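Below, chain A is the first sequence line, B the second, and so on; all start at residue 1. Given the structure is predicted, the values throughout are model-derived calculations rather than measurements. Hydrogens, waters and symmetry mates play no part in the numbers below; they use all other heavy atoms, side chains included.
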Amino acid sequence: MDLKLDHRTEDRLTIVEVEGEIDVYTAPRLRELLIDLVNKGNFHLLVNMEKVDFLDSTGLGVLVGGLKRVRAHDGSLELVCTQERILKIFRITGLTKVFGIYASVDEAKEAHGKDK
Amino acid sequence: MATVELTFSALPAHVRTARLVATAIARRTGVEESLLDEVRLAVGEACSRAVEAHRVHCPGEPIRIELRDDSGRFEVTVSDQAPSEEIKQEQPLDLGMLSDSFMSNFGIAVIEGLADDVEVFPSPKGTNIRMSWPAAVPV
């Protein structure tokens, strides 16, 4: 499956919906979207990965790159993910310590609201 | 011993094809369903790494994959022809450490976390990554 991307802004949080496979072929599209969002002043990003079928280290690199960009503006990039096969990659690489990972968009929004 | 060989040009689009072929052959070889995701990811990582290395050093050269059913193991070897130094084994500790060059070694870290048997042979003439998983013993 190819990669489908969508995004919307709710309050100050920009939710990026990702569906399909994030790999060496498709990851540049996600990178471009994240860069574009940051360039347009969206510094609090929530990437919903519940419909991601496949994620490799190239995709991890894009997410880390996005995180570095928003942190430069005192922003945040957090994830929604409950799929074990995706979470496993974050655990193997130690990135569970770097990203906030939530079980649902609502849970992430609630946590984000408390941080404001 | 049954062997399937696949060569492909160093294009990101072909990595998905390589993953699909490896997963299909792993299933046919008798690798457990619960391990197929790991095979798919590990082979994808090895091929992505090879594609990136070829794009820098030798974009016209093909990448080779051998998939082997060998004495109850499903064995995959991904071979590239890009010169490589010793691969550093490190774990990320903080965001500042995660430079682009560091991220390029993430693929190896992921493979080592997934396959229970991995050997990486970097050399000036290219890198071979061999990995294997248990498969059903042929009847």
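- Take A:Phe90 and apply the ring pair (Phe, Tyr, Trp, His ring centres under 6.0 Å) test, not counting sequence neighbours, and it matches A:Phe99.
- Cation-pi geometry between B:Arg16 and A:Tyr25 is not met at under 6.0 angstrom from the ring centre and within 45 degrees of the axis.
- Side-chain contact between B:Leu114 and A:Ile92 is present, with heavy atoms from C-beta onward closer than 4.5 Å.
- Residues B:Val21 and B:Leu11 do not share a hydrophobic cluster, clusters being chains of Ile/Leu/Val/Met/Phe/Trp/Tyr side chains in contact below 4.5 Å.
- Within a 6.0 Å radius of CD in B:Glu32, no more than 12 heavy atoms belonging to other residues, nucleotides or ligands are found.
- Contact annotation for residues 37-48 of chain B against chain A (heavy-atom separation below 4.5 Å, listed by residue number): B:Asp37, B:Glu38, B:Arg40, B:Leu41, B:Glu45, B:Ser48.
- No more than 12 heavy-atom neighbours from other residues, nucleotides or ligands sit within 6.0 angstrom of CZ on B:Arg28.
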